[in-house]
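We count ligands from 1, going down the list as the structure has it; atoms in each ligand are counted the same way.
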Amino acid sequence: MDQTSHDRLLIIDFGSQVTQLIARRLRELNVYCEIHPYQNVTDAFLADFAPKAVIFSGGPASVIDEDSPRPPESVFDLGVPILGICYGQQVMMHMLGGKVERGHGTAEFGRAYVEPQNDPTDLLFGWFLGGREQVWMSHGDHVSEIAPGFEVYGTSPNAPFAITADLDRRFYAVQFHPEVHHTPNGKTFYENFVRIAGFKGDWTMGAYKEEAIQKIRDQVGDKQVICGLSGGVDSSVTAVLLHEAIGDQLTCVFVDHGLLRLNEAEEVVTMFRDHYNMKLIHADESDLFLGELEGVSDPETKRKIIGKLFIDVFQKYAGEIEGADFLAQGTLYPDVIESVSFSGGPSVTIKSHHNVGGLPEKMGLKLVEPLRELFKDEVRALGHELGLPASFIGRHPFPGPGLAIRCPGEITRDKLDILRKADAVYIDQIRKHELYDEIWQAFVAILPVRTVGVMGDGRTYDYACALRAVTSVDGMTADYYPFTHDFLGETATRIINEVPGINRVTYDITSKPPGTIEWE
Ligand code: XMP
């Protein structure tokens, strides 16, 4: 989708692990930006994109190497402000006539403190109020001579050119990463940069909603759209946005595989069918899924069975919707950002569960992806604009295969019932103690083991379960949540008292890595 109505900032990606954070910082400042791998940024691309400012990201390469990544020379003739970060700084210096040396003995990783030099520039408004600023360094090579026209505005003990700028041309180059959490005043730094570039801060979710609705109408015309609704935040926001745009031309298909949480199917149906008045097909296929899963213990086999059945079922129901031309998906920006690959060309990473397994091509459907430009927190903000309840928008992620991967070993209806009840008590405890929003994801796994217990005067022989709760930013890494012993004790007591079938509760204190968040 083209965002020509907004001022645009271009981030040229040289492969840094934290490039997405730059984009997120800018979006938080209501600035529309896009990340593009350096390989794609040609003269023609620049002319077409017409950025109001450019940022060069960091990256793992060395500018001293002959074939190391570069932006096109023409970027320096655009007449717009440019900010180079880390590798971006080195590339800028190298191309504009400075010198970069290998980092023998001067490599620097971690916290550093920058002190001001020269009269402060507009870029550093609000900086150095406490004398020095903490920043995050992560570099091997270093600039040994700055390019003509540049002055030094900040130094650290190991980085004499920590902050440099050519104020006339509005080129800025810094050795550290202002986008990371460990540069606490980084937000002010970006605020200054976008103010210098003249951004109006017009990227707001209110404005986005109106534009997105208009674009959906233009794209879809009077045709019918199918949307797979899981009840998760992305698909829910997609569905509500589409419904606002095209009303009854939208039909949602909610595949109920029998592996959902307590009351989840009813809640989804009530909210979307009754509250929003959407055309919603509740495809209750739990018998089919649970039947096929009978006797299966291997985690990968479970996933494969569920994935295949899901597509079959979705296709069956979608096929019954007459005249559908479009399939709506909640694809997000992080799923479509092309990542820089140094071994080959740029590669697109799309999570397989978003792209309902090649269905669009198979069914001859065109895609509508109204969240393609948004980060997760922006999707939540959009959900808020659309009037989705806060409790819904802030929900923890829930995996496509559902409770199947929280039930190691064989899946039975009995075990699923026990798991649902235990999970509901656990989440209730977390909400009561107001911990829900601090936790990325929390759930119960029912273990394929029975243990002996004693309740009242009797011996019990019931299932053990494991509680899981983690904090995380993106699900790629995670830490277990440090509940108090009181909380854990109270929760264990409630589960054992309220959930027949469980007589032992454990707490999983494994981080990711080495564990995964789910048990399978
Ligand atoms: P793991 O267990 O790999 O999970 O640490 C990371 C995040 O991904 C979710 N997850 C899935 N989501 N389909 C999904 O839609 C899946 O097959 C799947 N497997 C894991 C998991 O809940 C966590 O948020």
Find all atoms of ligand 1 within a distance of less than 4.0 Å from any non-hydrogen atom belonging to [X], and give their numbers and elements.
| X | value |
| --- | --- |
| Gly475 | 6 (C) |
| Gly400 | 12 (N), 13 (N), 14 (C), 15 (O) |
| Thr516 | 1 (P), 2 (O), 5 (O) |

Open item on the list: If you define the side chain from C-beta out and look only at heavy atoms, does anything of Phe289 sit under 4.5 Å from Val255?
Closed with: yes
Task: Separation between OG1 of Thr301 and CD1 of Ile306, rounded to the nearest 0.5 Å - done: 10.5 Å
Open item on the list: Does this structure show an ion pair linking Glu264 with Arg395, if we count only N-O contacts that are shorter than 4.0 Å?
Closed with: yes
Task: Charged N-O contact under 4.0 Å between Asp377 and Arg27 - done: no
TODO: Could you tell me whether Ala478 approaches ligand 1 through its side chain, its backbone, both or neither, with non-hydrogen atoms closer than 4.0 Å?
DONE: neither
Open item on the list: Please evaluate residues Leu260 and Phe254 with respect to the criterion side-chain contact (heavy atoms from CB on, under 4.5 Å), reporting the C-alpha separation (whole Å), side-chain torsions for both, the decisive distance (0.1 Å), and the verdict.
Closed with: CA-CA 12 Å; Leu260 298 168; Phe254 170 52; 3.6 Å; yes
Open item on the list: As a check for students: among Gln441, Glu518, Arg303, Lys512, identify the option with a heavy atom nearest to atom 6 (C) of ligand 1.
Closed with: Lys512
